[in-house]
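Okay, structure first, notes after.
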Amino acid sequence: MNKDLDTALVWFRRDLRADDQAALYHALRHARRVWCAFVFDTELLAGLPRQDRRVEFIRDSLIALDAQLRALGASHGSEHAGLIVRHGHGAEEIVRLVRQLHVQAVYLNHDDAPEALARDARVRGELAEHGVALHGSKDHVVFERNEVLSGAGTPYSVFTPYFNAWLKKLDDFYLSAYPVSRHAASLAPVPEEFRQPIPSLEALGFETTNLHQLKLPTGAAGAQALLEEFLAERIDRYDVTRDFPAVKGPSYLGTHLRFGTVSVRQLAREAWRRTQAGSSGARVWLSELAWRDFFQQILFHHPRIVEHPYRREFEAVKWEKGKHADALFAAWSEGRTGYPLVDAAMLQLLQSGYMHNRLRMVSASFLVKDLGLDYKRGERWFALKLNDYELASNNGNWQWAAGTGCDPQPWFRIFHPVTQSKKFDPQGRFIRRYLPQLAKLPDDLIHAPWLAKPVDLEAAGIELGVDYPHPVVDHEEARQKTLARFGVVREAQAAKAVAKAEKKKRTAGVD
DNA sequence: CTTCACTTGGG
DNA sequence: CCAAGTGAA
């Protein structure tokens with residue numbers, strides 16, 4: 001094929017794989033010599049704790065990506081291909097590489113988080129000054145930006161119609177893999193002076209974590225192993241197993257999706273095929289992928305939700321503040337609220353960087369509706385701790401739980417933490433895993449130890465307040481306070497409804 | 001010169 | 001998947 005460019009650079013960011021990779025594919029197709037680069041961004045790293053499983057996950061995955069690129073190049077007659085890894089200011093390092101390698105175009109995949117969009121726009125401007133083009137591609141989601149719009153041409157704000165339109169647009173082509181290997185001969189040898197080993201964690205300013213003790217294999221090969229097992233053993237029952245935190249139901253692919261060590265097209269393709277074959281589990285799992293697209297698209301169209309509630313009437317809600325609120329937040333984040341399921345969930349997050357989806361809902365609801373704390377505090381905590389943290393999904397789901405988002409859980413629907421516990425961890429298997437001090441309590445008492453008789457507590461070897469905390473709030477009392485707290489929203493929504501009804505009456509009168 | 005089978009590009 | 005292009009019969 002005739003190529004229009006001599007040289008190009010692929011800037012890897014959250015797409016750490018060499019197969020079915022949009023930017024890599026386009027670069028290889030258009031340029032005779034293609035280099036690949038990743039930058040550990042000093043500004044981004046500076047905001048992270050010294051022990052961060054995600055930095056380790058990325059570093060491991062870069063080693064795998066480098067090997068993947070070398071092998072791909074070698075099998076197409078190109079020795080010394082590979083990944084150039086830098087540590088510095090992301091944008092500056094890329095511009096520097098472009099000049100040093102005399103690159104004619106940079107290829108990257110879209111990152112639609114507001115800060116990333118701003119950064120990429122700056123890079124585009126700087127590159128333009130050197131006469132270098134920047135080409136962006138969709139890669140992270142199945143459908144992005146304006147690809148799925150309502151009949152009126154506006155973005156959807158309710159999931160169900162969005163999902164229907166999403167499914168309608170889905171076809172084999174959108175889900176087909178970018179055939180990277182077809183053009184792999186364009187992978188260029190990395191010049192001697194650019195061949196540097198991938199920096200160690202220490203060199204990056206980090207310490208090792210327990211990542212390798214977790215059941216989370218890294219890199220594209222790790223993702224494929226997880227996927228194979230999930231498809232073979234669990235996806236068809238996902239609809240019935242996914243709500244039970246003690247059951248191995250989910251795919252555990254969230255972190256791989258986050259860093260692009262797996263292609264979302266591959267996942268959607270597998271789920272879609274099984275959906276068409278009648279698998280109800282696959283259909284529910286596919287809808288989770290669509291939720292991810294939905295929240296990405298919402299963030300793209302409404303970047304203000306990073307700082308503000310999507311529904312403006314919630315700005316007026318007064319959250320608990322001050323010393324007592326801070327103490328409640330500390331109890332929540334450290335897993336000592338006295339509500340076993342919530343505490344077990346928060347400990348799972350602390351110890352592994354993962355939290356089961358059902359528990360994300362339960363613990364979020366508890367923070368907002370039992371403790372009366374601003375959802376943004378919880379959002380920030382999850383952002384810090386979740387291996388699979390993704391701004392769009394995390395913000396979207398927290399706003400869902402708080403009732404402030406698009407298509408949210410209504411604010412007056414308040415999860416009962418004990419009922420949720422009995423329903424989704426009936427035998428207390430999950431609770432016992434993280435709270436061994438409660439292990440001897442019988443199944444019916446483990447969900448609310450403060451209701452156990454002294455004799456039962458004694459038999460289980462528990463002294464409340466010593467071995468396990470008293471509940472930090474009374475749920476029924478908290479519920480009443482929350483309903484009152486959201487009174488301002490009720491009034492605003494009622495006023496809105498009245499205005500709407502009057503308008504309807506007026507237009508009806510005209511007809 | 002037409003037709004069919006096959007490949008390639010698009011996202 | 002579909003449209004457009006290619007090459008052989």
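Values reported hereafter were calculated over all heavy atoms of this structure, with side chains retained and with hydrogens, waters and symmetry mates removed. Chain naming here is simple, since letters A, B, ... match the order of the sequence lines and numbering starts at 1 in each.
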Figure out the [atom1]/[atom2] separation between [X] and [N], and round it to whole Å.
X: A:F143; N: B:dG10; atom1: CZ; atom2: P; result: 18 Å
X: A:K169; N: C:dC1; atom1: NZ; atom2: C1'; result: 13 Å
X: A:R265; N: C:dC1; atom1: CZ; atom2: C1'; result: 16 Å
X: A:D4; N: B:dG9; atom1: CG; atom2: C1'; result: 14 Å
X: A:Y178; N: B:dT8; atom1: OH; atom2: C1'; result: 15 Å
X: A:H183; N: B:dG10; atom1: NE2; atom2: P; result: 9 Å
X: A:D171; N: B:dG10; atom1: CG; atom2: C1'; result: 11 Å
X: A:Q276; N: C:dC1; atom1: CD; atom2: P; result: 11 Å

>> Among residues at least two apart in sequence or on other chains, which ones pass side-chain hydrogen bond (donor to acceptor under 3.5 Å, both in side chains) with A:R269?
In response: none
> Does A:F415 have any ring pair (Phe, Tyr, Trp, His ring centres under 6.0 Å) partners at least two apart in sequence or in another chain, and if so, which?
Replying inline: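 Checked A:F415 against ring pair (Phe, Tyr, Trp, His ring centres under 6.0 Å); zero matches.
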>> Using a heavy-atom cut-off of 4.0 Å across all strands, would you classify A:S176 as base, sugar-phosphate, or nothing?
In response: base
>> Of the options C:dC1, B:dG11, B:dG9, whose atoms approach the side-chain atoms of A:K138 most closely?
In response: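 Nearest to the side-chain atoms of A:K138, counting from C-beta on, is B:dG11.
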> Can you tell which of B:dG9, B:dG11, C:dC1 lies closest to the side chain of A:R182?
Replying inline: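 Looking only at heavy atoms from C-beta outward on A:R182, the closest nucleotide is B:dG9.
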> Under 6.0 Å between the ring centres of A:Y354 and A:Y252?
Replying inline: yes
> Between A:F430 and A:F424, does the ring centre distance come in under 6.0 Å?
Replying inline: no
> If we require ring centres under 5.5 Å and near-parallel planes under 30°, does A:Y174 stack on B:dG11?
Replying inline: no
